[in-house]
Amino acid sequence: MELNLSPKFAQKIFEGEGGTYYSWSSSEYELLKEAKVGGGRLVLQPRGFAFPHYADSNKIAYVLQGSGGVVGMVYPKESQEMVLKIKAGDIIPVPTRAISWWYNDGDSELVVVFLGETSKAYVPGEFTYFLLAGTLGILGGFSTEFNSRAYNLNNEEAEKLAKSQAGVLLIKLGEDQKMPQPCKNSTDKMVYDIGAASPDFHVQNAGLLTVLTEKKFPCIGEVGLSAILVKLEGNAMSSPIYAADSSVGVIYVAKGSGRIQVVGINGASVLDTELKAGHLCVVPRFFVASTIADGEGMEYLSMLTTTQPLFGEFIGETSVWGALSPEVIQASLNLTPEFEQVFRARIKKSTILVPPHD
């Protein structure tokens, strides 16, 4: 099986005064199509506004930068929208059934990356959006007759409703344009600050690892996904692991740089390359991956296509090597009993995050 796992940067899809939207193309990165996952990145300038829309894929949004973000969400059969406040470090689940809009009420850029699964997408490996407003909006696709009858308007009013907005995907609002204020109760329910959460693993001189599942954050269960935030200190390592539950991993590098190695079928090295901020990298089912940060450190978010991830680990207290009997390890690796004991002792002392060598 020939797979190109090389990480890719997103391509610019739209740019305007209000901001820019980027996407990873499944034609350029075919593994997205094979793995049925996708990604996009939204950059909103101050007062930038992304029109209300829904999509064909479940996603999580991870806020990379900004402190004045506002998100509105409307679910089918609900009579009122939920307005959320978002900032850097937040994760927001965005299910297919939700209509959402995004607004930057701050004085610096708001940057959000979207990672999701595309098993039901029109284009496998990509998100397709359905806009309610603008020149690509649903209203403009219906005739004046249909709009006038549906919304109980005369023809002139129906024409005004459908054609007044000349923007495409996102725009910059005027200073006098008011927007809804976030609701704290809704924000507390729908937004999870993974950046400030207590980590599941904290290893001195190595870094932090925080796992987000529906057990911690029930709303993420609505999109059938989970997330892992890894913050590696300079030259630290995230040891080799694989998803034992057959989920696919999608890594987005938020800060810093480093290296990644991935081993696949028949023990083949399928990836050994540099990771940079802005890279997206897919780890296929059951493949084993490990990363090492450069001197400045590296931070990345990994999305998994399951609500309850289960990992196979090769070092630490729950290592698969440590669980195997000494005789099996000696026979499998052709080791002497003495070296097997050394190997087992070193495994037990190690952790999932490994500090740099002295």
Side-chain angles (χ1 to χ4, degrees), residues 13-23 39-55 57-76 78-116 127 129-134 136-137 164-165 167-197 212 217-220 222-223 227 252 254 301:
I13 301 300
F14 175 84
E15 183 173 24
E17 189 179 3
T20 310
Y21 183 72
Y22 302 82
S23 179
R41 189 171 77 244
L42 175 66
V43 179
L44 286 178
Q45 299 299 326
R47 301 197 66 79
F49 173 59
F51 292 143
H53 60 272
Y54 58 94
S57 303
N58 285 322
K59 307 181 293 295
I60 57 171
Y62 177 53
V63 185
L64 300 167
Q65 179 182 326
S67 59
V70 181
V71 179
M73 284 199 183
V74 176
Y75 287 83
E78 303 238 346
S79 59
Q80 193 169 0
E81 68 183 359
M82 291 182 290
V83 183
L84 318 173
K85 182 175 178 59
I86 60 171
K87 63 187 183 309
D90 285 344
I91 283 184
I92 309 97
V94 188
T96 55
R97 59 195 175 94
I99 289 173
S100 68
W101 51 262
W102 302 74
Y103 176 62
N104 184 2
D105 196 30
D107 54 10
S108 62
E109 285 187 342
L110 178 71
V111 184
V112 184
V113 65
F114 298 91
L115 305 174
F127 307 142
Y129 293 98
F130 296 83
L131 300 167
L132 271 62
L136 301 179
S164 293
Q165 179 53 261
V168 180
L169 179 66
L170 52 94
I171 60 174
K172 183 174 182 178
L173 299 182
E175 295 289 340
D176 58 343
Q177 178 69 57
K178 303 297 182 183
M179 293 296 284
Q181 292 300 305
C183 171
K184 186 178 185 306
N185 288 340
S186 295
T187 299
D188 290 344
K189 177 184 176 183
M190 300 291 296
V191 179
Y192 189 92
D193 187 353
I194 194 172
L212 182 59
F217 182 40
C219 283
I220 203 170
E222 294 186 27
V223 293
Y252 178 82
L301 185 81

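Source: prediction; values computed, not measured.
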Take Leu136 and Phe51, measure what side-chain contact (heavy atoms from CB on, under 4.5 Å) needs, and give me the verdict at the end. CA-CA 10 Å; Leu136 301 179; Phe51 292 143; over 6 Å; no
Does some side-chain heavy atom of Ile86 sit less than 4.5 Å from a side-chain heavy atom of Trp102? yes
Is the shortest heavy-atom distance from the side chain of Trp101 to the side chain of Leu132 under 4.5 Å? no
CG on Leu42 to OG on Ser23, rounded to 0.5 Å: 12.0 Å
Roughly how far, to the nearest 0.5 Å, is CD1 of Ile60 from CG of Leu212? 7.5 Å
Tightest non-hydrogen contact, residues Val83 and Ser186, listed as O-CB, 4.2 Å
Is it the case that the side chain of Arg47 and the backbone of Gly18 share a donor-acceptor pair, with hydrogens and angles ignored and the cut-off at 3.5 Å? no
Interatomic spacing from CG in Asn58 to CG in Leu115 - rounded to 0.5 Å: 13.0 Å
What's the separation between atom CD in Gln177 and atom CD1 in Ile171, rounded to the nearest 0.5 Å? 8.0 Å
Any side-chain heavy-atom pair from Met73 and Val94 closer than 4.5 angstrom? yes
Interatomic spacing from CG in Leu44 to CG in Asn104 - rounded to 0.5 Å: 6.0 Å
Which heavy atom of Thr20 sits nearest to which heavy atom of Glu15, and what is that distance? OG1-CG, 3.5 Å
Is Leu173 close to Met179 at the side-chain level, that is, under 4.5 Å between some pair of heavy atoms? yes
Any heavy-atom pair between the side chains of Leu64 and Arg41 that's under 4.5 Å? yes
Could you walk me through whether Ile220 and Tyr192 pass side-chain contact (heavy atoms from CB on, under 4.5 Å), step by step? CA-CA 9 Å; Ile220 203 170; Tyr192 189 92; over 6 Å; no
Whether the side chain of Thr187 engages the backbone of Lys85 through a donor-acceptor N/O pair (distance < 3.5 Å, no angle test) should be reported. yes
Please confirm whether the backbone N or O of Gly167 pairs with a side-chain atom of Gln165, one donor and one acceptor, at under 3.5 Å? yes
Answer yes or no: is there a side-chain heavy-atom contact under 4.5 Å between Val112 and Ile92? no
Does Asp193 come within less than 4.0 Å of Lys87, counting only side-chain N to carboxylate O? yes
The test is side-chain contact (heavy atoms from CB on, under 4.5 Å); show your working for Phe14 and Leu170 and say whether it passes. CA-CA 9 Å; Phe14 175 84; Leu170 52 94; 3.9 Å; yes
Pro182 and Leu84: which non-hydrogen atoms are nearest, and at how many Å? CB-C, 3.8 Å
Under 4.5 Å between any side-chain heavy atoms of Gln65 and Val63, yes or no? no
Closest heavy-atom pair, Pro46 versus Ser108, reported as atoms and distance to 0.1 Å, is CG-N, 3.8 Å
If I take atom SG from residue Cys219 and atom NZ from residue Lys189, how far apart are they, to the nearest 0.5 angstrom? 6.0 Å
Nearest atoms (heavy-atom pairs only) where Thr96 meets Tyr54: O-CB, 4.0 Å
Tyr129 to His53 - nearest heavy-atom pair and separation: CD2-CD2, 3.4 Å
Decide yes or no for Pro95 and Tyr75: does some side-chain heavy atom of the first lie under 4.5 Å from some side-chain heavy atom of the second? yes
Classify the angle between the aromatic ring planes of Tyr21 and Phe114 as parallel (below 30°), tilted (30 to 60°) or perpendicular (above 60°). tilted
